[in-house]
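In what follows, a single structure is set out as structure tokens and then discussed.
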Protein chains: 2
Amino acid sequence: MPSESTAARAASKSARTRQRLLDAAAEVLGEKGFAGSRLVDIADRAQVQAPAIYYYFPSREDLIEEVMHTGAAAMRAHLQRTLEGLSPASPMDRITAAVEAHLRVELELSHYARAIIRNANQLPEPVSRRALAEVARYNDVWRGLLADLQAAGALRPGLDPAVARMFVLGALNWAAEWWDPERGALDALVADVQSMVRHALSA
Amino acid sequence: MPSESTAARAASKSARTRQRLLDAAAEVLGEKGFAGSRLVDIADRAQVQAPAIYYYFPSREDLIEEVMHTGAAAMRAHLQRTLEGLSPASPMDRITAAVEAHLRVELELSHYARAIIRNANQLPEPVSRRALAEVARYNDVWRGLLADLQAAGALRPGLDPAVARMFVLGALNWAAEWWDPERGALDALVADVQSMVRHALSA
DNA sequence: ACCGTTTTCGAATCTGCGTTAGAGAAGACC
DNA sequence: GGTCTTCTCTAACGCAGATTCGAAAACGGT
């Protein structure tokens with residue numbers, strides 16, 4: 001039996017390789033999409049040969065499935081943590097905070113988020129089931145934010161909350177398609193987008 | 001030499017098959033994405049066997065390339081026709097009209113637009129070159145719309161016009177991911193989105 | 001230094017799909 | 001009805017990429 005520290009180190013080495021594979025898969029998925037992501041690309045990026053993947057995952061689909069699920073869960077966790085960290089705030093302020101949370105996790109914090117955003121709608125059924133359930137819960141949080149806004153009378157009358165929600169999420173998600181981390185700080189983007197969202201929804 | 005009418009009929013039959021293939025390809029591309037689109041699916045949808053494709057196109061990539069190029073050109077043509085058809089209008093009214101044009105071509109008029117929107121950013125270089133050039137020109141039109149708005153002092157101060165443009169186009173493009181033609185009329189969506197865009201940008 | 005376990009790799013297999021080849025059907029014109 | 005052209009199909013090829021296998025390497029404990 002290994003001593004505590006070595007066991008920890010051993011476990012962590014294996015765990016770290018596994019993690020490298022997941023991270024690599026998330027990156028490739030975010031760039032090439034589900035059908036375009038080859039195991040060789042993922043393996044390369046994780047500094048391994050392709051067959052090594054099968055030591056950690058039963059199949060390509062299982063690996064991808066885990067990336068998707070992790071990504072969706074991370075987005076929701078980040079959003080909910082952000083909202084809970086808010087001192088009592090107006091519905092609109094909560095939405096503004098959610099906008100920032102979404103953009104940061106999408107563009108700065110997590111390749112997994114990018115993978116989710118760009119692939120959620122083009123995955124084959126078996127792979128997407130668990131992930132889509134998680135995405136649905138994420139959407140539920142936003143549905144709540146919009147409902148609160150409307151209940152407070154702060155949503156422009158006539159606007160369908162469902163359309164408003166997809167409008168905002170669409171604008172946010174699309175940033176993954178064009179935002180270039182190289183040029184310009186994220187802060188400026190966040191501020192502009194918050195301003196536009198606020199005015200797009202306000203009564 | 002065939003008589004006029006039969007020549008026309010013959011030509012049109014061949015042309016129609018070719019067209020069916022392009023249409024089928026546009027639909028499949030819009031659903032599965034570039035890497036996920038198989039020739040068999042396209043052929044099936046066009047009521048042909050896969051090898052028949054090669055009578056009309058040199059390769060899969062050429063077929064797809066033409067779909068992309070056609071799609072991008074169609075979007076731009078539709079947008080420009082719409083704008084030209086406008087009696088002198090304020091910059092904001094022009095943008096509102098552009099919003100409707102974009103949504104209609106994306107959701108109602110053309111599978112090609114959907115194909116472009118969902119694939120423009122994940123195509124391999126060789127296929128995307130011509131299409132992306134066309135997309136760039138489409139973006140230029142929008143860039144002009146935003147510039148005019150700003151010049152007229154009607155863009156909220158502080159907003160980066162480039163960010164504003166991507167924000168709006170993102171919200172519009174994302175509709176391809178969730179809008180279900182089955183339920184609800186497009187008119188309602190258009191009205192809501194126009195309202196949100198207007199307020200998002202207004203000074 | 002030696003042994004068992006964990007982890008990785010090179011080589012081989014299997015499968016799906018783009019593509020080619022060549023023969024046959026469907027017309028068009030005489 | 002014959003023949004030439006246009007179009008489409010069936011069968012087969014070749015490659016790329018997922019997966020499997022068995023052996024080697026790396027590692028931890030003694």
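Side chains included, hydrogens not; waters and symmetry mates left out as well; all remaining heavy atoms used. Residue numbers begin at 1 in each chain, while the letters A, B, ... track the order of the sequences.
B/Ser59 and B/Asp62 form a side-chain donor-acceptor contact under 3.5 Å, judged by distance and modelled atom types alone. For the residue pair A/Arg156 and A/Ser202, no side-chain donor N or O sits within less than 3.5 Å of a side-chain acceptor on the partner. Under 3.5 Å, the side chains of A/Arg76 and A/Gln80 contain a donor-acceptor pair of N or O atoms.
A sub-4.0 Å separation between OP1 or OP2 of D/dT6 and a side-chain N or O of B/Ser14 is absent. Under 4.0 angstrom from either OP1 or OP2 of C/dT8 there lies at least one side-chain N or O belonging to A/Thr17.
Between B/Tyr138 and B/His102, the distance from one ring center to the other falls under 6.0 angstrom.
Note on A/Phe57: nothing from the nucleic acid sits closer than 4.0 angstrom, heavy atoms only.
Comparing atom distances between the B/Leu39 side chain and each of C/dT19, D/dT6, C/dT8 picks out C/dT19 as nearest. With D/dA18, D/dT8, C/dT7 as the candidates, the nucleotide lying closest to the side chain of B/Tyr56 is D/dT8. Candidate nucleotides D/dC7, C/dC9, D/dT19 were compared by shortest atom distance to the side chain of A/Ala52, and C/dC9 ranks first.
One atom, NZ of A/Lys13, and another, P of D/dA25, lie 16 Å apart when rounded to the nearest Å. B/Arg38 places its CZ atom 22 Å from the P atom of D/dC15, with the value rounded to the nearest Å. Following rounding to the nearest Å, B/Tyr55 (OH) and C/dG18 (C1') show an atom-to-atom distance of 21 Å. What separates NZ of B/Lys32 from C1' of C/dC17 is a distance of 14 Å, to the nearest Å. Put simply, CG on B/Leu21 is 12 Å from P on D/dC7, counting in whole angstrom units.
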Set out, line by line, the N/O atom pairs under 3.5 Å between protein and nucleotides 20-24 of chain D.
none

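At least one test fails for A/Arg18 against the ring of A/Tyr55: distance under 6.0 Å to the centre or angle within 45° of the axis.
For the contact set between residues 40-49 of chain B and DNA chain D, defined by any heavy atom under 4.0 Å, the members are B/Val48, B/Gln49.
To the nearest 0.5 angstrom, B/Gln150 atom CD is 10.5 Å from B/Asp148 atom CG. Atom-to-atom distance recorded for B/Leu149:CG and B/Arg165:CZ is 13.5 Å, nearest 0.5 angstrom. Between B/Leu103 atom CG and B/Leu186 atom CG the span is 6.5 Å, to the nearest 0.5 Å.
A/Arg143 CZ: more than 12 foreign heavy atoms inside a 6.0 Å radius.
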